[in-house]
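Taking it in order: structure first as structure tokens, then the write-up.
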Amino acid sequence: MTATINLFTIGFTKKTAQQFFESLKEAGVQRVIDTRLNNVSQLAGFTKKSDLPYFLKTIGHIDYVHILELAPTKEILDEYKKNKGEWQVYERSFLDLLNNRQIEQKLSPDLFNHACLLCSEAKPDCCHRRLVAEYLREKWGNIEICHL
């Protein structure tokens, strides 16, 4: 694939369901790629794994896929969240994990065109979905990233 890939990212925290689904529809997202390690918690609200595929399809005709290889490990996540680790350490550990997993060789670029990486963080600044998007852009070189 040589054409530009339009890749979006979104976090659901601090968004109403209306804001979340309207953002996806207005951007023309065709597929949500869930990058969360934990997506079954009650804290996930309208984005719980058991409900989200139905809402996306019904409200926006948007497909859903959960790719655990795009999520941090429990150890990396716990060190950052529960032990209040530094972002720079988390970022380095997560990028090493992506390198070791070689996701750019396992996943098709076609899967990401007009797709949206989903996580919980409200802003992309300190979220692994931004790291995934930037990592893939570095590896594939033809990705336009838009944070919703």
N99 meets the side-chain contact (heavy atoms from CB on, under 4.5 Å) criterion, sequence neighbours left out, with Y135, K139
Transitive ILVMFWY side-chain link V89 to L37, under 4.5 Å:
no
Enumerate the residue pairs fulfilling ring pair (Phe, Tyr, Trp, His ring centres under 6.0 Å) with a member in residues 23-48, sequence neighbours excluded, ordered by first and then second residue.
F20-F46, F21-F46
Side chain of W140, backbone of E104: donor and acceptor closer than 3.5 Å?
yes
Tell me whether L95 is reachable from W87 by hopping between hydrophobic residues (I, L, V, M, F, W, Y) whose side-chain heavy atoms are closer than 4.5 Å.
yes
Can you see which heavy atom on L7 is nearest to which on A115, and at what distance?
CD1-O, 3.5 Å
Is it true that I67 and F94 fall in one hydrophobic cluster, defined by side-chain heavy atoms closer than 4.5 Å?
yes
Applying side-chain contact (heavy atoms from CB on, under 4.5 Å), name anything that partners K84, two or more places apart in sequence or on another chain.
none
So the salt bridge (Lys or Arg N to Asp or Glu O under 4.0 Å) pairs with at least one residue in residues 111-121 (sequence neighbours excluded) are K81-E121
Side chain of N113, backbone of N6: donor and acceptor closer than 3.5 Å?
yes
Got a sec, which residues hit side-chain hydrogen bond (donor to acceptor under 3.5 Å, both in side chains) with E138, two or more places apart in sequence or on another chain?
none
Test side chain to side chain contact (heavy atoms under 4.5 Å, CB included) on T4 and I143; report intermediate values, then the result.
CA-CA 6 Å; T4 299; I143 297 180; over 6 Å; no
Across all chains, not counting sequence neighbours, the side-chain hydrogen bond (donor to acceptor under 3.5 Å, both in side chains) partners of E22 are none
Would you find a donor on one side and an acceptor on the other, under 3.5 Å apart, between the side chain of K106 and the backbone of Q102?
no
Would you indicate whether Q88, at its atom CD, is surrounded by more than 12 heavy atoms from other residues, nucleotides or ligands within a distance under 6.0 Å?
yes
Measure the spacing between NE2 of H114 and CZ of F8 and express it to the nearest 0.5 Å.
7.0 Å
Could you state the interatomic distance from NE2 (H147) to OG1 (T9), rounded to the nearest 0.5 Å?
4.5 Å
Please name all residues satisfying side-chain contact (heavy atoms from CB on, under 4.5 Å) with E79, sequence neighbours left out, ordered by chain then number.
N83
Identify whether F12 and L77 are in the same connected component of the hydrophobic contact network (ILVMFWY, side-chain heavy atoms under 4.5 Å).
no
Between side-chain atoms of residues 23-36 and protein atoms elsewhere (two or more places apart, or another chain), which donor-acceptor pairs fall under 3.5 Å?
| unit_1 | atom_1 | unit_2 | atom_2 | d |
| --- | --- | --- | --- | --- |
| S23 | OG | Q19 | O | 2.8 |
| R31 | NH1 | L111 | O | 2.6 |
| D34 | OD1 | R36 | N | 3.0 |
| D34 | OD1 | R36 | NE | 2.8 |
| D34 | OD2 | R36 | NE | 3.4 |
| D34 | OD2 | R36 | NH2 | 2.7 |
| D34 | OD2 | N39 | ND2 | 3.0 |
| D34 | OD2 | Y64 | OH | 2.7 |
| T35 | OG1 | L118 | O | 2.7 |
| T35 | OG1 | H128 | NE2 | 3.1 |
| R36 | NH1 | T47 | O | 3.3 |
| R36 | NH1 | T47 | OG1 | 3.0 |
| R36 | NH2 | T47 | O | 2.7 |

Which salt bridge (Lys or Arg N to Asp or Glu O under 4.0 Å) pairs, counting each pair once, include a residue from residues 89-101, with sequence neighbours left out?
none
Among pairs that include at least one residue of residues 39-63, which meet salt bridge (Lys or Arg N to Asp or Glu O under 4.0 Å), considering only residues two or more places apart or in two chains?
K57-D63
Are L107 and L68 connected in the hydrophobic side-chain network, where two residues link if heavy atoms are under 4.5 Å apart?
yes
Taking only residues two or more places apart in sequence, or in another chain, which ones meet K123 in a side-chain hydrogen bond (donor to acceptor under 3.5 Å, both in side chains)?
none
Only one of L117, I145, L70 passes side chain to side chain contact (heavy atoms under 4.5 Å, CB included) with R129, and that residue is L117
Partners meeting side-chain contact (heavy atoms from CB on, under 4.5 Å) with K14 (sequence neighbours left out)
A122
Minimum side-chain heavy-atom gap C126-Y80 below 4.5 Å
yes
